[in-house]
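Single-structure report; data block below.
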Amino acid sequence: MKNNYSHIEVTGARVHNLKNIDISIPKNKLVVITGISGSGKSSLAFDTIYAEGQRRYMETFGAYARQFIGDMERPDVDRITGLSPVISIEQKTTNKNPRSTVGTVTEIYDFLRLLFARIGEAYSYNTGKKMVKWSEEEIVNNIFERFYKKKINILAPLVRGRKGHYRELFEDVRKKGFLKVRVDGTIQDITPKMQVDRYKIHDIELVVDRLQVTDDFKVRLSQSVQQALKLGKDLLFVLEHDRNDITQYSKMLMCEDTGISYEEPSPNTFSFNSPYGACPYCRGLGTSSVIKMDAVLPDTSKSIKEGGIAPLGEERSASVYQQVVAFAKKHKISLSKPINELPQQQLDLLLYGDGNAEKTLQLDGTDDSIPDYYTGSYEGIIPMLKRWYLSTQSTEALRDWVEQYMEVQSCPSCNGARLKKESLWFKVDGRNIADLSNLNLDNLAAWLDGIELRLTKKQNTIAKDILKEIRERLGFLLDVGLSYLSLNRPSRTLSGGESQRIRLATQIGSQLQGITYILDEPSIGLHQRDNHRLISSLQKLRDIGNSLIVVEHDKDIMQAADYLVDIGPRAGYHGGRVVAQGTPKEILKLDTITAGYLKGKLKIEVPKERRCGNGKFIELKGVSGNNLKNVNVKFPLGKLIVVTGVSGSGKSTLINETLYPILSNHCFPASKMPVMPYRSVSGLEHIDKVVEIDQSPIGRTPRSNPATYCGFFTDIRTLFASVPEAKIRGYNAGRFSFNVKTGRCDVCEGGGMRVIEMNFLPDVYVPCEKCNGKRYNRETLEIRYKGKSISDVLDMTVDDAVEFFQAVPNIYRKIKTLQDVGLGYITLGQSAVTLSGGEAQRVKLSTELSKKDTGKTFYILDEPTTGLHFEDIRQLLNVLNKLTDRGNTVLVIEHNMDVIKVADHIIDLGPEGGDGGGQILFEGTPEELIHHEESYTGFYLKQELK
């Protein structure tokens, strides 16, 4: 064994399928762990090494604190030594908050806010002229002219958007002789011991003077302005008597022509997460949800009774419907006439109410009777939908139901910029902060290039350090291949790979040393062209003194590693061992599956002939969502289609956000999926079903498993219920479900495991002492089919089950497809939460394979090679070819060259990402693509087809 300072020593690792392995991993190196999907790579990297690092960190807290932080399960390993602090960078878009953007996550936007607050130049939103600083005399003259002969209050702002009770502040101004303050928009008398709610955000202005602006009071006005500016730190407000409109005056920034003034900018002025920067209409979200009238009135030829108003539905006894009936009776609105024959005034009354919506409609009579008269107010369908959507008391299900009648639009006030109009009129080099946030990162870098030459000497002095920080962080993002993103891109729209690379860039920027970083396939979603940039970033992180453990299948990253660990030899029960370890050169000398593919000894063969398809097409025209430039594209049916192109070129927009929703809405009209803009589509009549297969888990609870997901567990339970002994006892199929009380173990409730709570220590999971992990009670387990109980069947591997159920065709066929997709090693009852992304996707594929299709199905897969080894990709392609050979159409969004080279038809987007992409570069066969000079995909494909 090596010493602890130079290696991480893992002894006796048994997590999941790991076979008691010992391994020594060199520190301060780029180490790649590879192997077949399900072989145990993640079990070693994340569930053993990372989990132990986290547990040790948690143990630095006291026992009392740990009970509030949560549980950290001890991994099943004898010993780990030499472990430095651990940071995991996984393929997860962790932040679903709509306020989180690329700019906020990377902190670049925070530095931009500081830049604009310190060197931004203000312009009037009325005239567009540059704001100027006014003297006290000029402010007095302007107030005199604008408010002549009007009664006004002169206010000095003391507190702006801060929490506190401010008892001392009120006492201080009272002692100075002031009588009134304006608290959160209401003028109040100052009283002894006055205070406000300390936990709420407050705006407090002192009423310096109340006067009528006349010639007699000009001197007094001047003195009051002087005092207000002093107390308000160069800012004062003028509030006209009996009105609530505030006019701001500042010694700093003011428009000469209109008299409007801006507050002195602070970083919060440019924050869409602050009430002092956010657009008041959308509250900084940049979008607003509005009722979609086409969805509310889908068919105006129907009457209201026939369901012409969709949210109301057809005639029924629901209270809302009865309110409409009563309201219609009062206003003599026919419920039987087609909606398009109703006068617009009557329709508006039904939709928008009688304008007195704060009252509740009161109905007389019983539920089954229609009242003879109508009293009270009627809210209206549209206000009702809005109220249900916005109410904090509405259930999630109710909001989801309302959402089908709404659409998200860009905010009409800020046009998606998220900020209030004053904030958008501060500019640096002629651009506001929203303009810069909308630029692709490479264009933002170009704007920053030479910015010093375009700034004044004073601006350069102030901005020097800020610009350095922005450039550094921007450089790291460009290095990991994210040049096509923009700062305003919401975090929740990022793919797992993009999110992971942003976190990677952030870690490089943090310049931490002595850390063990564990990464999960950082090459996901990255085109071959950008791989070298990612490798360079990983090497930078290593060179500043960190250890990198990367779970990866990409050939380039494996060859660039300092050390390779190959886990296998196969998956599941047949894996969990260290097959090989050493430098890439040492690995190539060995005879393993991974080495075979790296050497080229093993490879995925190119088909001798490409499929001709069935001669039919789906054609999309004028697709213009996101960065797509009004493209036209044809999808030939009956072929294996691969959509490719550099990261950010528009693949997901074209397929996931345009084509799939169109097909889904056609095949399943009730789905009503939102679709990106397009002009026309043709050929939909040639398909009758669309299936999207992604790598999301098949279930999020331990009770979910392949047998329940694929549906054959129902057949197995029915089979057990047909056993003579079961019939004698009167057992039905439900008796053999571990989710039903009658048949399951009553101690563990069908879970098979019991949770022992350890107070402030992690909970311990032990097999149930009553059923010994079998999930069922004794009576249920006594029923046997061919000598096996229902629990024995769940513990079978797929390979064993195929042999066991050979005589039962309906079960055999479904289990055989699991074996066909390379999942023979998993057990039928294996918990869904223990399946990798690649395994989950193949379970879904097998489910589709087991169904009887019509040959008119359109399958869509988004990067199915994620988490798959070369050998797994070969098996995956066998499955996709089977689906296509039945006459179906299989469309794959992919960067992997092994998938691209076997395609019948390629659609290549580009040439670059972001604004530089969004065009269809090429449509045709791989052989034709390699001659296309503009295509990066063609360049790398040429090397594969040699």
Side-chain angles (χ1 to χ4, degrees), residues 30 87 89 100-116 118-119 428-429 431 433 435-455 459-460 462-489 491 494-495 497-513 515 517 519 522-546 548 550 556-557 560 646-648 912-917 936:
L30 173 54
I87 293 177
I89 306 179
S100 176
T101 65
V102 170
T104 59
V105 169
T106 59
E107 298 178 354
I108 294 175
Y109 190 75
D110 299 324
F111 283 101
L112 271 183
R113 290 195 293 120
L114 184 59
L115 182 75
F116 273 79
R118 298 295 175 258
I119 69 166
V428 173
D429 188 33
R431 289 179 184 258
I433 195 166
D435 292 337
L436 297 182
S437 298
N438 287 327
L439 292 176
N440 287 347
L441 296 184
D442 49 1
N443 292 338
L444 180 58
W447 178 82
L448 285 167
D449 191 25
I451 184 69
E452 288 85 356
L453 300 175
R454 306 191 295 275
L455 299 179
Q459 285 177 319
N460 274 318
I462 298 168
K464 181 182 173 186
D465 291 338
I466 305 172
L467 290 170
K468 176 176 174 287
E469 293 289 342
I470 293 172
R471 282 188 176 122
E472 276 189 3
R473 284 165 170 73
L474 199 53
F476 298 138
L477 288 173
L478 297 178
D479 287 344
V480 293
L482 296 173
S483 60
Y484 58 90
L485 295 181
S486 60
L487 295 182
N488 70 347
R489 172 84 174 263
S491 299
L494 298 170
S495 68
E498 287 167 340
S499 184
Q500 188 181 24
R501 293 201 295 281
I502 283 176
R503 287 191 62 199
L504 175 62
T506 307
Q507 290 298 331
I508 297 170
S510 68
Q511 296 288 298
L512 292 174
Q513 297 181 9
I515 304 293
Y517 287 103
L519 292 89
S523 67
I524 290 169
L526 203 59
H527 194 271
Q528 293 290 111
R529 181 197 69 162
D530 300 315
N531 254 3
H532 67 281
R533 296 163 82 177
L534 172 63
I535 292 167
S536 173
S537 296
L538 295 174
Q539 290 168 339
K540 272 184 194 172
L541 206 52
R542 174 202 64 191
D543 293 343
I544 59 176
N546 297 299
L548 270 79
V550 183
D556 293 339
I557 294 177
V646 297
S647 308
E912 301 291 338
D915 289 342
Y936 291 108

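Hydrogens, waters and symmetry mates play no part in the numbers below; they use all other heavy atoms, side chains included.
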side-chain hydrogen bond (donor to acceptor under 3.5 Å, both in side chains): which pairs involve residues 476-485, sequence neighbours left out? D479-K540, Y484-E498

By ring pair (Phe, Tyr, Trp, His ring centres under 6.0 Å), which residues pair with Y936, not counting sequence neighbours?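 Listed in chain order: nothing, the list is empty.
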
Verdict with reasoning, L444 to I470, per side chain to side chain contact (heavy atoms under 4.5 Å, CB included): CA-CA 10 Å; L444 180 58; I470 293 172; 5.5 Å; no

For [X] and [Y], work out which heavy atoms get closest and say how close.
{"X": "S510", "Y": "Y517", "value": "OG-OH, 4.3 Å"}
{"X": "S647", "Y": "G525", "value": "OG-O, 2.7 Å"}
{"X": "S437", "Y": "S486", "value": "O-CB, 3.4 Å"}
{"X": "N546", "Y": "L512", "value": "ND2-O, 2.9 Å"}

Step by step, would you call L541 with L30 a side chain to side chain contact (heavy atoms under 4.5 Å, CB included)? CA-CA 9 Å; L541 206 52; L30 173 54; over 6 Å; no

Results of salt bridge (charged side-chain N to carboxylate O under 4.0 Å, His left out) for [X] - residues two or more places apart only:
{"X": "D442", "result": "none"}
{"X": "R454", "result": "D429"}
{"X": "R529", "result": "E912"}
{"X": "R118", "result": "none"}

Check step by step if side chain to side chain contact (heavy atoms under 4.5 Å, CB included) holds for I108 and L474. CA-CA 7 Å; I108 294 175; L474 199 53; 4.0 Å; yes

Restricting to side-chain contact (heavy atoms from CB on, under 4.5 Å), what partner residues turn up for N443, sequence neighbours left out? L439, N440, D915

With sequence neighbours left out, the residues meeting side-chain contact (heavy atoms from CB on, under 4.5 Å) with T101 are T104, F272, R418

Salt bridge between D465 and K468, side-chain N to carboxylate O under 4.0 Å?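 No, this pair does not count.
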
How would you list, by chain and number, every residue that makes a side-chain hydrogen bond (donor to acceptor under 3.5 Å, both in side chains) with [X], sequence neighbours excluded?
{"X": "R471", "value": "E452"}
{"X": "Q539", "value": "none"}
{"X": "R473", "value": "E107, E469"}
{"X": "S537", "value": "none"}

As a quick check of understanding, evaluate side chain to side chain contact (heavy atoms under 4.5 Å, CB included) for V102 and L482, giving each step before the final call. CA-CA 10 Å; V102 170; L482 296 173; over 6 Å; no

